S.K.: 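Mind looking over this structure? Questions follow.
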Amino acid sequence: MKRFIIALIVLGVCVEYTFGKNLFEIINKFQKRTKLRVHCYSGNDDLGVQYLMNGQEQHWRFNDAVFHATVFRCELMHGYEFQNYQKFEAYNSKRDNDGIKKNVTWLAVERGLYKIWNHRTPEFMYPWL
C-alpha cells in the first residue's frame with residue numbers, strides 16, 4: 001500500500017481532504033437561499049460534484065505533481081435548473097504572479113466570483129454567465 005501511495009505522489013497529484021501543502025476552497029456566500037453546484041477537476045483527479053448551501057464551504061488540500069503543472073479547474077452553477085455558471089482555473093502550480101498558486105479562497109456571490117489570496121481584500125474575478 002505504501003508503494004502505491006508513493007507512486008501516486010511521484011506520478012501525479014495527491015489529493016487529500018486534510019493533508020497537503022496547497023489548498024483551494026470555494027464558499028457559497030449568496031445573500032438569498034441559493035444552492036451552488038461545484039465540480040472541480042484536474043488532469044489526474046476528478047473531485048466530484050458537491051452542492052453547497054448558503055454559508056457552506058468545500059476545500060481541498062493536495063500536493064503538486066512532480067513532473068508537470070498541477071491545474072485545477074472548476075465549474076460553478078446556480079439558479080433555476082443551474083442556468084447561471086462560470087468555468088475557471090481555481091489553482092495553477094506554475095503561476096506565482098497572479099496569486100492563483102498556493103492557498104486560494106473563491107467566494108461565490110450574486111455578482112460572480114471573488115478570489116482571496118495572501119490575506120488580501122477579495123478581488124472580483126468573474127461574472128456569472
Side-chain angles (χ1 to χ4, degrees):
M1 183 67 170
K2 277 186 177 180
R3 286 186 203 165
F4 177 73
I5 292 172
I6 291 170
L8 283 177
I9 292 171
V10 170
L11 293 176
V13 177
C14 181
V15 174
E16 297 285 340
Y17 285 104
T18 56
F19 300 107
K21 66 180 181 176
N22 302 314
L23 164 80
F24 78 89
E25 63 184 339
I26 297 174
I27 303 173
N28 180 343
K29 295 297 275 185
F30 280 89
Q31 297 297 313
K32 295 181 180 178
R33 184 181 163 159
T34 302
K35 184 188 285 189
L36 183 66
R37 181 185 187 274
V38 177
H39 181 216
C40 298
Y41 53 91
S42 72
N44 295 335
D45 296 288
D46 187 331
L47 304 178
V49 175
Q50 316 285 326
Y51 291 93
L52 305 177
M53 294 305 294
N54 300 73
Q56 290 184 320
E57 61 186 71
Q58 178 65 53
H59 68 271
W60 297 273
R61 286 196 175 278
F62 53 93
N63 292 313
D64 290 334
V66 176
F67 299 112
H68 57 83
T70 299
V71 179
F72 278 97
R73 293 177 177 81
C74 294
E75 180 179 77
L76 276 55
M77 305 171 84
H78 74 92
Y80 179 74
E81 295 187 10
F82 298 104
Q83 65 192 15
N84 303 306
Y85 69 95
Q86 185 55 260
K87 293 181 183 181
F88 64 101
E89 192 173 271
Y91 176 88
N92 187 328
S93 65
K94 297 300 181 191
R95 290 201 184 165
D96 289 318
N97 58 348
D98 66 358
I100 293 181
K101 190 175 177 182
K102 306 295 179 200
N103 299 333
V104 180
T105 299
W106 293 93
L107 303 176
V109 300
E110 283 78 6
R111 181 177 176 206
L113 300 175
Y114 285 80
K115 174 180 72 173
I116 302 173
W117 56 280
N118 288 346
H119 308 290
R120 296 183 181 194
T121 303
E123 177 183 351
F124 181 73
M125 297 299 291
Y126 305 108
W128 295 110
L129 301 176

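Start at 1 with the first residue, then count along the sequence. All of these numbers come straight from a predicted model, not from anything done at the bench.
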S.K.: Measuring from K87:NZ to C74:SG, what's the distance to the nearest 0.5 Å?
M.R.: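 These two atoms lie 12.0 Å from each other.
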S.K.: What closest approach, in Å, do F30 and L36 show between heavy atoms, and which atom pair accounts for it?
M.R.: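 Of all heavy-atom pairs spanning F30 and L36, the closest is CE1-CD1, 4.2 Å.
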S.K.: Judged by atom type as modelled, is there a donor-acceptor pair below 3.5 Å linking the side chain of N92 to the main-chain atoms of K94?
M.R.: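 Side chain of N92 to backbone of K94: a pair is present.
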S.K.: With clusters built from Ile, Leu, Val, Met, Phe, Trp and Tyr whose side-chain heavy atoms come within less than 4.5 Å, directly or transitively, what are the remaining members of the cluster of L129, listed by chain and number?
M.R.: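 Once heavy-atom contacts under 4.5 Å are chained together, L129 belongs with V49, Y51, M77, F82, Y85.
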S.K.: Between K115 and V104, what is the shortest heavy-atom contact and its length?
M.R.: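 Result for this residue pair: CG-CG1, 3.7 Å.
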S.K.: Return the minimal non-hydrogen interatomic distance between W117 and N103, and the atom names on each side.
M.R.: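 That closest heavy-atom pairing would be CB-O, 3.8 Å.
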S.K.: Any side-chain heavy-atom pair from N22 and S93 closer than 4.5 angstrom?
M.R.: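 Heavy-atom side-chain distance check fails, nothing below 4.5 Å.
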S.K.: Not counting sequence neighbours, which residues clear side-chain contact (heavy atoms from CB on, under 4.5 Å) with N84? List them please.
M.R.: H78, W128
S.K.: Could you tell me which non-hydrogen atom of E25 sits nearest to which non-hydrogen atom of H59, and how far apart they are?
M.R.: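 For E25 and H59, the tightest heavy-atom pair comes out as CB-CB, 3.4 Å.
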S.K.: Just jot down the side-chain contact (heavy atoms from CB on, under 4.5 Å) partners of L107, sequence neighbours excluded, or say none.
M.R.: I27, K29, T105, Y114, I116, P122
S.K.: I'd like to check the side chain to side chain donor-acceptor pair (under 3.5 Å) partners of D46; sequence neighbours left out, ordered by chain and number.
M.R.: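 Checked D46 against side chain to side chain donor-acceptor pair (under 3.5 Å); matches are H39.
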S.K.: With sequence neighbours left out, write down each residue that passes ring pair (Phe, Tyr, Trp, His ring centres under 6.0 Å) with F88, or none if nothing qualifies.
M.R.: W106, Y126
S.K.: For I26 and C40, which heavy atoms make the closest approach, and how far apart are they?
M.R.: CD1-SG, 3.8 Å
S.K.: Before giving the answer on side-chain contact (heavy atoms from CB on, under 4.5 Å), spell out for D64 and Y91 the whole-Å C-alpha distance, their side-chain angles and the decisive distance to 0.1 Å.
M.R.: CA-CA 10 Å; D64 290 334; Y91 176 88; 2.6 Å; yes
S.K.: For R37, which residues count as a salt bridge (Lys or Arg N to Asp or Glu O under 4.0 Å) partner, sequence neighbours excluded?
M.R.: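 In terms of salt bridge (Lys or Arg N to Asp or Glu O under 4.0 Å), with neighbours along the sequence ignored, R37 is linked to E75.
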S.K.: Is a side-chain N or O of Q50 found less than 3.5 angstrom from the main chain of L47, in a donor-acceptor match?
M.R.: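 Looks like yes, one N/O pair under 3.5 Å.
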S.K.: What heavy-atom pair brings L113 and Q86 nearest, and what distance separates the two atoms?
M.R.: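 Minimum heavy-atom separation between L113 and Q86: CD1-CG, 3.8 Å.
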S.K.: Would Y41 and V38 show up in the same hydrophobic cluster when neighbours are defined by side-chain heavy atoms closer than 4.5 Å?
M.R.: no
S.K.: Please round to the nearest 0.5 Å and tell me the distance separating atom CZ of F62 and atom CG of N44.
M.R.: 12.0 Å
S.K.: Kindly compute the distance separating OG1 (T34) from CG (L52), expressed to the nearest 0.5 Å.
M.R.: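 Going from OG1 on T34 over to CG on L52, the span is 12.0 Å.
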S.K.: Would you compute the distance between atom NZ of K32 and atom CG of N54 and round it to the nearest 0.5 angstrom?
M.R.: 11.5 Å
